[in-house]
Protein chains: 2
Amino acid sequence: MCNMPRVAAPAVRTALVEAAAEMLAGRVAVTARSLADRAGTSTTAVYTHFGGMPGLWRAVRQEGFTRLAGRLAEVPRTDDAVHDLAALGAAYVAAAHASPFLYRAMFDAAADLEDPAAADASFSRLVEAAERARQAGRFSADADPAAVATRFWAAGHGLTMLVLTDVLPPEASLSHGPELAVAVCVAAGDDLARCRESVLRGWAPTLPGGPIGPPAQG
Amino acid sequence: MCNMPRVAAPAVRTALVEAAAEMLAGRVAVTARSLADRAGTSTTAVYTHFGGMPGLWRAVRQEGFTRLAGRLAEVPRTDDAVHDLAALGAAYVAAAHASPFLYRAMFDAAADLEDPAAADASFSRLVEAAERARQAGRFSADADPAAVATRFWAAGHGLTMLVLTDVLPPEASLSHGPELAVAVCVAAGDDLARCRESVLRGWAPTLPGGPIGPPAQG
DNA sequence: CATCGTACCGTAACAGTGTTACATAACAAG
DNA sequence: CTTGTTATGTAACACTGTTACGGTACGATG
């Protein structure tokens with residue numbers, strides 16, 4: 001008797017999340033029906049796999065944070081921790097600008113994730129870089145790495161959100177991002193001139209007009 | 001012949017905006033029907049006065065920025081421009097925490113306002129304070145007041161948004177707000193010790209556990 | 001004061017949304 | 001193959017924003 005039921009096909013789940021991310025990137029409204037059409041299934045699949053549209057959005061946010069964590073994981077660790085901190089900030093801003101609608105959806109309810117591991121991993125990379133900067137003597141001994149990372153993140157998030165909502169022009173990310181990074185790091189104890197040099201090198205791969213400006217959306 | 005029509009009653013318009021703000025504060029969903037019920041009219045009024053729900057949201061955002069400008073206008077100008085800048089930041093954060101849902105609605109599409117004067121006025125107060133700090137020798141001569149004000153705002157906005165979306169705990173506003181203010185002002189050229197003193201005095205009215213924590217919502 | 005024209009306002013309908021009951025089909029176990 | 005369990009598709013539900021239609025209040029005109 002005790003038969004195991006038909007196994008849930010995980011392909012449908014990933015197809016739905018992928019379709020949602022694509023539609024988000026294409027500025028097309030993500031409704032249950034249009035999503036089901038694009039994913040090649042029916043609206044019921046949304047309920048069997050996510051329990052409803054809110055559950056789908058949670059999965060989309062989760063996917064967004066996972067992708068972000070992947071981007072940040074690619075940023076290498078060097079001897080200059082302040083450079084690394086700036087490079088992480090640049091990669092963060094670049095990821096947000098590469099998928100602006102996904103980024104906005106992520107922070108619509110960022111606190112509501114079923115698995116915060118990806119978000120924690122991203123933040124931990126900031127904390128780790130701040131900790132290394134402290135141990136290297138760049139930051140003052142009583143500078144709490146978690147606090148510095150939080151301020152670094154808050155400043156970058158605010159600048160990013162103001163740009164993505166068209167309150168500030170796109171250039172603002174490049175003109176104010178490094179300056180804010182320098183401000184937070186110098187406040188943490190770093191030497192101004194040395195900090196400037198590290199931060200500018202950390203932002204360098206992004207600066208040449210890199211992956212920020214283009215019309216790639218999502 | 002050429003008769004002037006019945007004059008549009010502005011009372012209905014304000015009643016609708018007020019009702020929307022109240023419902024936003026009460027965490028109750030703002031739909032065309034529930035809004036009309038609460039305002040004592042019908043859904044049609046939304047279309048005659050705002051052209052539709054998006055128009056209503058624009059009016060609500062406009063009202064939010066007007067209230068914010070009023071709050072900032074109450075912040076006095078003193079001899080210490082850095083103190084004033086910090087006080088403006090504290091008032092800004094306090095206003096956001098006093099009406100969190102209104103603040104989030106404001107920045108859902110902050111760039112889409114029919115009259116940006118209120119938003120410009122708020123930002124101009126920051127620029128003016130930065131300009132006075134520069135003229136007083138607190139900021140370096142080549143520090144662009146508008147750029148400093150933008151960074152100040154971006155940092156405060158990011159911190160505020162992360163708190164309002166429950167990503168950071170409520171205490172984060174008080175623990176990181178002043179620190180970010182100091183970071184931006186010192187980066188603009190101010191002396192660290194002097195800046196700390198000015199900023200802490202500027203935040204003082206908010207610090208005692210003031211209007212940040214309470215359950216007043218909106 | 002009577003009249004008229006304007007445009008606000010309320011009712012009822014429309015299209016579209018998320019959601020769910022039901023029947024069907026697909027799969028794993030005995 | 002039979003059986004039990006569950007994913008799926010269809011069609012309906014309640015709700016949303018929106019709009020056509022009459023009724024009505026209002027101000028200007030004669």
Side-chain angles (χ1 to χ4, degrees), chain A residues 1-24 26-63 101-102 104-105 108-109 112 114, chain B residues 1-24 26-63 101-102 104-105 108-109 112 114:
Chain A
M1 39 173 72
C2 68
N3 299 320
M4 290 310 288
R6 170 183 181 183
V7 58
V12 179
R13 179 186 174 99
T14 61
L16 283 170
V17 175
E18 290 282 338
E22 286 177 16
M23 295 173 73
L24 223 47
R27 285 188 183 71
V28 44
V30 180
T31 78
R33 287 169 177 78
S34 62
L35 177 67
D37 282 358
R38 180 150 189 147
T41 95
S42 185
T43 60
T44 316
V46 175
Y47 293 84
T48 59
H49 286 278
F50 306 103
M53 288 300 286
L56 172 86
W57 288 118
R58 287 208 313 180
V60 169
R61 289 194 295 270
Q62 190 81 47
E63 173 71 15
F101 282 78
L102 179 58
R104 288 192 62 177
D108 268 354
D112 182 26
E114 41 184 304
Chain B
M1 38 176 73
C2 67
N3 298 322
M4 289 311 287
R6 170 184 180 182
V7 58
V12 179
R13 181 186 172 98
T14 62
L16 283 170
V17 175
E18 290 281 338
E22 287 176 16
M23 296 173 74
L24 224 47
R27 285 187 182 73
V28 44
V30 181
T31 77
R33 288 169 178 78
S34 62
L35 177 67
D37 281 358
R38 179 149 190 147
T41 94
S42 185
T43 59
T44 317
V46 175
Y47 293 85
T48 58
H49 286 279
F50 306 102
M53 288 298 287
L56 172 86
W57 289 117
R58 287 208 314 181
V60 168
R61 288 193 296 270
Q62 190 80 49
E63 172 71 14
F101 283 77
L102 179 57
R104 288 192 62 177
D108 269 354
D112 181 26
E114 41 184 303

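Protein chains get the first letters and strands the later ones, always in sequence-line order, with residue 1 at the start of each. Predicted model only: the values in this text are computed from it and were never measured.
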**Request:** Measure from CZ on A:Arg33 to P on D:dC13 and round the result to the nearest Å.
**Result:** 14 Å
**Message:** Tell me if the side-chain of B:Thr44 makes a donor-acceptor pair with the base of C:dT11, cut-off 3.5 Å, by modelled atom types.
**Reply:** yes
**Prompt:** Checking all strands, does A:Thr31 fall into the base, sugar-phosphate, or nothing category for heavy-atom contacts under 4.0 angstrom?
**Reply:** sugar-phosphate
**Item:** Of the listed nucleotides D:dT8, C:dT19, C:dT11, the one nearest the side chain of A:Thr43
**Value:** C:dT19
**Message:** Rounded to whole Å, how long is the line connecting atom CG of A:Leu35 with atom P of C:dT17?
**Reply:** 12 Å
**Request:** Take the protein atom CE of B:Met23 and the nucleotide atom C1' of D:dT16, then report the distance between them rounded to whole Å.
**Result:** 13 Å
**Item:** Integer-rounded Å distance: C:dG18 C1' and A:Met53 CE
**Value:** 8 Å
**Item:** B:Thr48 side chain near C:dC9 phosphate (N/O to OP1/OP2, under 4.0 Å)
**Value:** yes
**Prompt:** Is a side-chain N or O of B:Arg104 found less than 3.5 angstrom from the main chain of A:Asp108, in a donor-acceptor match?
**Reply:** yes
**Message:** If I take atom OG1 from residue A:Thr41 and atom CG from residue A:Leu35, how far apart are they, to the nearest 0.5 angstrom?
**Reply:** 7.5 Å
**Complete:** Comparing A:Ser34 with A:Gly51, nearest DNA chain C nucleotide closer to 5' gives the residue A:Ser34
**Item:** Atom-to-atom span, CZ of B:Arg13 to P of C:dC9 - whole angstrom
**Value:** 12 Å
**Item:** Pairwise distance CZ(B:Arg38) to CE(B:Met23) - rounded to 0.5 angstrom
**Value:** 6.5 Å
**Item:** Protein-nucleotide distance (A:Phe50, atom CZ; D:dA7, atom P), rounded to Å
**Value:** 13 Å
**Message:** Do B:Val60 and B:Val30 make a side-chain contact, defined as non-hydrogen atoms from C-beta onward lying under 4.5 Å apart?
**Reply:** no
**Request:** Take the protein atom OH of A:Tyr47 and the nucleotide atom P of C:dT20, then report the distance between them rounded to whole Å.
**Result:** 6 Å
**Item:** Side-chain donor or acceptor of B:Arg58 paired with backbone N/O of B:Glu114 under 3.5 Å
**Value:** no
**Request:** Kindly point out which of C:dG10, D:dA11, C:dT11 is positioned nearest to the side chain of B:Thr41?
**Result:** C:dG10
**Message:** From NE2 of A:His49 over to P of C:dG18, roughly how many Å is that when rounded to an integer?
**Reply:** 18 Å
